[in-house]
Amino acid sequence: MRILILGAGKMGSFFLDLLSFDHETAVYEIDPRRLRFTYNTLRFTSLEEIDEFRPELVINAVTVKYTLQAFDQVLPHLPADCILSDISSVKTGLKEYYEKTGRRYVSTHPMFGPTFANLNQLSHENAIIISEGDYMGRIFFRDLYQRLGLNIYEYTFEEHDRTVAYSLSIPFVSTFVFAAVMKHQDAPGTTFKRHLAIAHGVLSEDDYLLQEILFNPYTHDQVSQIRDELKELLGIIDRRDSEGMHQYLEKIRKNVK
């Protein structure tokens, strides 16, 4: 299959490495410096080169802020039967966009990234395939993710956004709170250092990505739960309520079993 990757960032390069030995691949990247370390693939910096390549599948791997803009740029240069796809962690507006184009499409979300995941050992990582869209496109990504050993789940666009609001917004907001009150420690403990490493990783993500995940319409209720739990915990601390603390710890230990 002829596959075009949009963007030679971390995830774009990951998919190129993954696909380039089994398919005819090309990458379109407006910043030529990002193409220095790509190999075994065609490297495009102009839209006219896409015309000649005639891809059968496009994987949009640009940052979430430019996902729709990148599609708009390449659409006039794609064959009518080319399948559009994205790997975005934020699906806001994508269903409506795809349906407006009238083209075949598939949307997936690898629930891991180069910041924390070991890309050579992904058996403990997950991927979501959106159940709406082109059947053959979904089959392609299911086969690809199965070969990586990923745990695969099928959700609608709405179910995906609800899942992301829970699985990403809660740890992101918890990390923000940690970073907001953090002070430099000359001799930090192990737990502190682990939290700090997570904070460095999360805060190295693109600002727009963090914003869009937190602006997910389902995020508010999840963040409100954090506020309610902090209020309850603060009350226990202020009262020095030993029995209340015991009960609270028992409750949260059940949640993480």
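The structure presented is a predicted model; accordingly, all values stated were derived computationally and were not measured.
In this structure, L47 is a member of the same hydrophobic cluster as L68, with clusters built from ILVMFWY side-chain heavy atoms closer than 4.5 Å. Clustering ILVMFWY residues whenever any of their side-chain heavy atoms sit less than 4.5 angstrom apart, transitively, puts I236 in a cluster other than the one holding L230. The same ILVMFWY cluster, assembled from side-chain heavy atoms under 4.5 Å apart, contains both I226 and I198. The same ILVMFWY cluster, assembled from side-chain heavy atoms under 4.5 Å apart, contains both Y208 and L214. Cluster annotation: I139 is not connected to Y153 through the hydrophobic network of ILVMFWY side chains, with a link wherever side-chain heavy atoms come within less than 4.5 Å.
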Assess whether side-chain hydrogen bond (donor to acceptor under 3.5 Å, both in side chains) is satisfied between Y39 and S20, documenting all intermediate values. CA-CA 9 Å; Y39 63 97; S20 62; over 6 Å; no

May I have the step-by-step check of salt bridge (charged side-chain N to carboxylate O under 4.0 Å, His left out) for R54 and E24, ending in yes or no? CA-CA 11 Å; R54 296 187 59 80; E24 187 178 353; over 6 Å; no

For V202 and F176, run side-chain contact (heavy atoms from CB on, under 4.5 Å): C-alpha distance rounded to whole Å, both residues' side-chain angles, the deciding distance at 0.1 Å, then the answer. CA-CA 9 Å; V202 169; F176 291 174; 4.1 Å; yes

CA sep, side-chain torsions, deciding dist, call: I83, E56, side-chain contact (heavy atoms from CB on, under 4.5 Å): CA-CA 6 Å; I83 302 174; E56 299 166 87; over 6 Å; no

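Between Y248 and L233 the shortest side-chain heavy-atom distance falls below 4.5 Å. Between P55 and I50, some side-chain heavy-atom pair lies under the 4.5 Å cut-off. Contact annotation: the side chain of I59 never approaches that of L6 to less than 4.5 Å [non-hydrogen atoms, C-beta and beyond]. Using a 4.5 Å heavy-atom cutoff, the side chains of I130 and H160 are in contact. Side chains of F172 and S167 form no contact here, defined as non-hydrogen atoms less than 4.5 Å apart. Between F215 and T92, every side-chain heavy-atom pair lies at or beyond the 4.5 Å cut-off. At a threshold of 4.5 Å between non-hydrogen side-chain atoms, the residues P188 and K193 count as touching. Contact check for V90 versus N216: no side-chain heavy atoms found under the 4.5 Å cut-off.
To the nearest 0.5 Å, the span separating CD on E243 from CG on D241 amounts to 7.5 Å. Taking OG of S89 as the reference point, atom CG of L168 lies at 6.5 Å (rounded to 0.5 Å). Atom OG1 of T163 sits about 10.5 Å away from atom NE2 of H109, to the nearest 0.5 Å. One finds the CZ atom of F14 at 11.0 Å from the CD1 atom of I5 (value rounded to the nearest 0.5 Å). Summarising the geometry, atom CG belonging to L122 is positioned 12.5 Å from atom CZ belonging to R147; distances are rounded to the nearest 0.5 Å. Note that NE2 of H124 and CG of N151 are 9.0 Å apart. Values are rounded to the nearest 0.5 Å.
Annotation for F44 and A26: closest pair CE1-CB, 3.5 Å, computed over non-hydrogen atoms. Annotation for I3 and F53: closest pair O-CE2, 3.7 Å, computed over non-hydrogen atoms. Of all the heavy atoms in A8 and S13, the pair that sits closest is O-OG, 3.2 Å. Heavy-atom minimum distance, A127 versus L150: CB-CD1, 4.0 Å.
Residues meeting the side chain to side chain contact (heavy atoms under 4.5 Å, CB included) test with S224, sequence neighbours left out: H220, R227. Under the ring-ring contact (aromatic ring centres under 6.0 Å, His included) criterion, Y155 pairs with no residue at all, not counting sequence neighbours.
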Less than 3.5 Å apart, which donor and acceptor atoms pair up between the side chains of residues 94-107 and the rest of the protein, not counting sequence neighbours?
unit_1, atom_1, unit_2, atom_2, d
K95, NZ, E132, OE2, 2.7
Y97, OH, D72, N, 3.4
Y97, OH, D72, OD1, 2.6
Y98, OH, D86, N, 3.4
Y98, OH, D86, OD1, 2.6
T101, OG1, Y98, O, 2.6
T101, OG1, R103, N, 3.2
R103, NH1, P79, O, 2.7
R103, NH2, L75, O, 3.4
R103, NH2, L78, O, 3.4
R104, NE, D134, OD1, 2.9
R104, NH1, D81, O, 3.4
R104, NH2, D134, OD2, 3.2
S107, OG, D86, OD1, 2.8
S107, OG, D86, OD2, 3.2
S107, OG, K91, NZ, 2.8

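Annotation for K251: atom NZ counts as buried by contact number, over 12 foreign heavy atoms lying within 6.0 Å. In D31, the CG atom is crowded: over 12 heavy atoms of neighbouring residues, nucleotides or ligands sit closer than 6.0 Å. Counting non-hydrogen atoms of other residues, nucleotides and ligands closer than 6.0 Å to CE of M245 gives a total above 12. Counting non-hydrogen atoms of neighbouring residues, nucleotides and ligands closer than 6.0 angstrom, the OH atom of Y66 reaches no more than 12 such neighbours. Annotation for I30: atom CD1 does not count as buried by contact number, only 12 or fewer foreign heavy atoms lying within 6.0 Å.
A salt bridge links E154 with R142: the distance from a Lys NZ or Arg NE/NH1/NH2 to an Asp or Glu carboxylate oxygen falls below 4.0 Å. Under 4.0 Å is where a charged nitrogen must lie from a carboxylate oxygen, and between R162 and E159 no such pair does. By the 4.0 Å N-to-carboxylate-O rule, R36 lies too far from E29 to be salt-bridged with it.
T38 pairs with exactly one of L16, D17, T25 by the side chain to side chain contact (heavy atoms under 4.5 Å, CB included) rule, that one being L16. With L4 as reference, V58 is the one residue of L57, V27, V58, T41 to meet the side chain to side chain contact (heavy atoms under 4.5 Å, CB included) rule. The only member of T63, V62, I87 that meets side chain to side chain contact (heavy atoms under 4.5 Å, CB included) when paired with M11 is I87.
The six-membered or imidazole ring of F192 lies near that of F178, with a centre-to-centre distance under 6.0 Å. Taking the six-membered ring for Trp, F140 and H23 have ring centres closer than 6.0 Å.
When atom types are taken as modelled, the side chain of T67 and the backbone of S88 share no donor-acceptor pair closer than 3.5 angstrom. Under the 3.5 Å distance criterion, the side-chain polar atoms of R138 are left unmatched by any main-chain donor or acceptor of I129. Judged purely by atom type and a 3.5 angstrom limit, E49 uses its side chain to pair as donor or acceptor with the backbone of T45.
A donor and an acceptor atom, one from each side chain of Y28 and S46, are nowhere located under 3.5 Å apart. Between the side chains of Q69 and Q73, no donor-acceptor pair of N or O atoms lies under 3.5 Å.
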